[in-house]
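Accompanying notes for the structure given below.
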Amino acid sequence: MSRTASIHYRVEIANLHAHLFRVTLTIAQPAAQQRVSLPVWIPGSYLVREFSKNLQRLSARQAGRAVSLRQLDKCSWQAECVPSSPLVLTYEVYAFDNSVRTAWLDDSRGFFNGTSLCLRVHEQENQVHAVELAASKAITGWQAATGLTPHRVNRQGFGTYLAADYDELADCPVELGLFWSGEFRAGGVAHRLVVAGAPESFDSARLLADTQRICETEIRFWHDRKKPPFKSYLFMLNVVDDGYGGLEHRNSTALIAARRDLPRLGDTRVSDGYTTLLGLVSHEYFHTWNVKRLRPAEFTHYEYGAENYTQLLWFFEGFTSYYDDLLLRRAGLIDDAAYLKLLNKTINQVMQTPGREVQSVAQASFDAWVKYYRQDENTANATVSYYTKGSLVALCFDLMLRAEGHSSLDEVMRALWLRCKAGPMTEADLAAVLKEVGGRAFTRELAAWVHSTRDLPLQELLGKHGVAVIEDPAQLAQRLGLRVTETAGLFVKQVLRGGAAEQAGMAANDEWLGIEAGGSAWRMAKLDDLVLYAGQHRKVMALVARDKRLLRLELALPAASTTWRLVMRDAALAQPWLAAPH
């Protein structure tokens, strides 16, 4: 990489308590009418978020004189400058979104993605970009961490970093603050984990060791004994009271998790919350290969000003979701029972989603921009998650390949990596590799599992690998076809298509006050009260409040329905799948 950057951003603190960053952008060789814009979305999170709404006080100068700026649209501006001298733009960015997607700043922590803070200089995106992280008295004692290449940086991490182009700049978030930091090596490469907001009970050594095991397992999965395709890697974990999520990047990831899910000193148990955290680490790290390098052909070049459509999120998110928990099992961090419990949860989530009969996972991928990331009370009826059903598609391919005795999905993934040269991929590439590795065409399975709404052959395939399906009685909410909240009253959150609640005329946001049954009226505080007060009656009158109106809705109580429970019948038969060596 050249050490001369023609695009330079200076990022400093404007006002901690007002949550404002100040950015000074210097363009060494501007065009005569230089255009700049701020992205409207961030790769990996498929929703137009309009980051420009947080940009303010934009001004421009050249040779010490003010330059006129003309706004072209919601996120673009044009400077009326001359190309003979550097153009300097200054602006502020409001940062108060404590997620992995945008930017945050308060008196204890700062964080930002380049897509939130760094204006894109049109026609110069392929130039070297420099980011200067400025220290100040307001943040004395803070440190900085990022996946960008350090140029002139002090021990605390402040100073100048370089990116080969705007894409790399946008793909390397920055963490600022008083965070805990630890390091390890995996696959011969340096890895760093920084954690912000952890309590004193945090067992940092355990998380560091478990993260290392995940990384070693995934590097071996993709490369056996070879080194991974990055020179270093950074995990940035923001710990909060209640939160969960992650966003993958080429040599780093931003994570958010609940404090109660961290491992605790003196506690050797593997809680459900800690398993969830490890699964998140595994998921985002697997993305280093599957979406950041091997990626949809439509993402060969990102368009930052509009939606970028693909039908392949079922593969890139779904297959990653399949491997995230499976590789925890193969790393020895969970046992067979814990893995089957996680798989069981995913299966029931999909089976209890009426939208699986409406939308294929390929359609769900394309519609992510308007459906998955804009969920409402009808989401479960109109769409299916390309994460969960996509992971079950991966499971079916893996188990079918193994059952037919040819190979496994593991070999398919590695063959895809080689075929596509760790770059853009199409569904045709997947079909070709399945045929090559599996010994036959899988056209029928791709059509049925990916492009139709037919249910997957899960029970049959699991049975061939030693896992039986037991049908248990479903919970009351599922039997009724609704989802509720029970804080400060009993409220209907969602009404599922075709269920008893829908047939009775219930609607989202109804407050379910009580029932009339057998000549008596009863007040309900929680859903289980229905069983208590209905007794043997198969029909009751539901009393609900909607927009301050009181309604009486005849509700027929359905016969018992079932939900799946996975049970290991033959552990030896399952071991080649669950504990496959890599």
Between R419 and D429, is there a side-chain N and carboxylate O pair less than 4.0 Å apart? yes
We want to know whether Q127 and E125 form a side-chain donor-acceptor pair, criterion being a heavy-atom distance below 3.5 angstrom. no
Does the salt bridge (Lys or Arg N to Asp or Glu O under 4.0 Å) test come out yes or no for R206 and D267, once each step is laid out? CA-CA 10 Å; R206 183 180 179 188; D267 186 354; 5.3 Å; no
Kindly assign one of parallel, tilted or perpendicular to the pair F96 and W104, based on the angle between their ring planes and the thresholds 30° and 60°. parallel
Using the test ring-ring contact (aromatic ring centres under 6.0 Å, His included), find all partners of H122 that sit at least two apart in sequence or belong to another chain. none
Could you check whether the rings of Y94 and H19 sit parallel, tilted or perpendicular, using 30° and 60° as the cut-offs? perpendicular
Is the closest basic N to carboxylate O distance between R220 and E218 below 4.0 Å? no
Please give me the minimum heavy-atom distance between P228 and I219, naming the atom from each residue. CG-CD1, 3.9 Å
Scanning both residues in full, the closest heavy-atom pair of Y322 with Y339 reads CE1-OH, 3.8 Å
Going by distance alone, is a donor N or O of one side chain under 3.5 Å from an acceptor N or O of the other, for Q33 and E80? yes
Minimum heavy-atom distance N308-Y302, with the two atoms named: OD1-CA, 3.6 Å
Whether the D106 and S108 side chains hold a donor-acceptor pair (N or O, under 3.5 Å, no angle test) is what I'd like checked. yes
Going by atom types alone, do Y323 and N290 pair a side-chain donor with an acceptor below 3.5 Å? no
I'd like to know if the side chain of D97 pairs up with that of T102 as donor and acceptor (distance under 3.5 Å, no hydrogens or angles considered). yes
Go through the side-chain N and O atoms of T346 and T388 and say whether any donor and acceptor fall under 3.5 Å apart. no
Check the orientation of Y166 and Y304. Use parallel for under 30°, tilted for 30 to 60°, and perpendicular for over 60°. perpendicular
Testing the basics here: between C81 and A31, what is the closest heavy-atom pair and its distance to 0.1 Å? SG-O, 3.1 Å
How close do W41 and T115 get, counting heavy atoms only, and between which atoms? O-CG2, 4.0 Å
Just distance, no hydrogens or angles: give the donor-acceptor pairs under 3.5 Å from side chains in residues 231-247, sequence neighbours left out.
| unit_1 | atom_1 | unit_2 | atom_2 | d |
| --- | --- | --- | --- | --- |
| Y233 | OH | S252 | O | 3.3 |
| N238 | ND2 | N98 | OD1 | 2.9 |

Search all heavy atoms of F316 against all heavy atoms of H287 and return the closest pair with its distance. O-CE1, 3.2 Å
For the residue pair D272 / T275, report whether a side-chain donor-acceptor contact shorter than 3.5 Å exists. no
If you count the non-hydrogen atoms of other residues, nucleotides and ligands that lie under 6.0 Å from CD in Q29, is the total more than 12? no
Decide, yes or no, whether a salt bridge links D336 with K341 under the criterion of side-chain N to carboxylate O below 4.0 Å. no
Pair E92 + R57: basic N to acidic O under 4.0 Å: yes
Report yes if the distance between the aromatic ring centroids of F158 and W142 is under 6.0 Å, otherwise no. no
Ion pair present between R35 and D73, side-chain N to carboxylate O less than 4.0 angstrom? yes
For a quick check under 3.5 Å, do S181 and R192 share a side-chain donor-acceptor pair by atom type? yes
Going through the distances and angles, do E317 and H283 end up as a side chain to side chain donor-acceptor pair (under 3.5 Å)? CA-CA 9 Å; E317 290 293 354; H283 183 98; 3.2 Å; yes
Could you check whether R109 pairs with E175 (Lys NZ or Arg NE/NH1/NH2 to Asp/Glu carboxylate O, under 4.0 Å)? yes
Report the C-alpha distance between R10 and E132 in whole Å, list the side-chain angles of each, state the deciding distance to 0.1 Å, and finish with yes or no for salt bridge (Lys or Arg N to Asp or Glu O under 4.0 Å). CA-CA 5 Å; R10 176 181 168 86; E132 179 188 353; 2.6 Å; yes
Out of V433, V291, L430, which one pairs with M425 under the side chain to side chain contact (heavy atoms under 4.5 Å, CB included) rule? L430
State which residues pass side-chain hydrogen bond (donor to acceptor under 3.5 Å, both in side chains) with D367; sequence neighbours excluded, sorted by chain then number. Q359
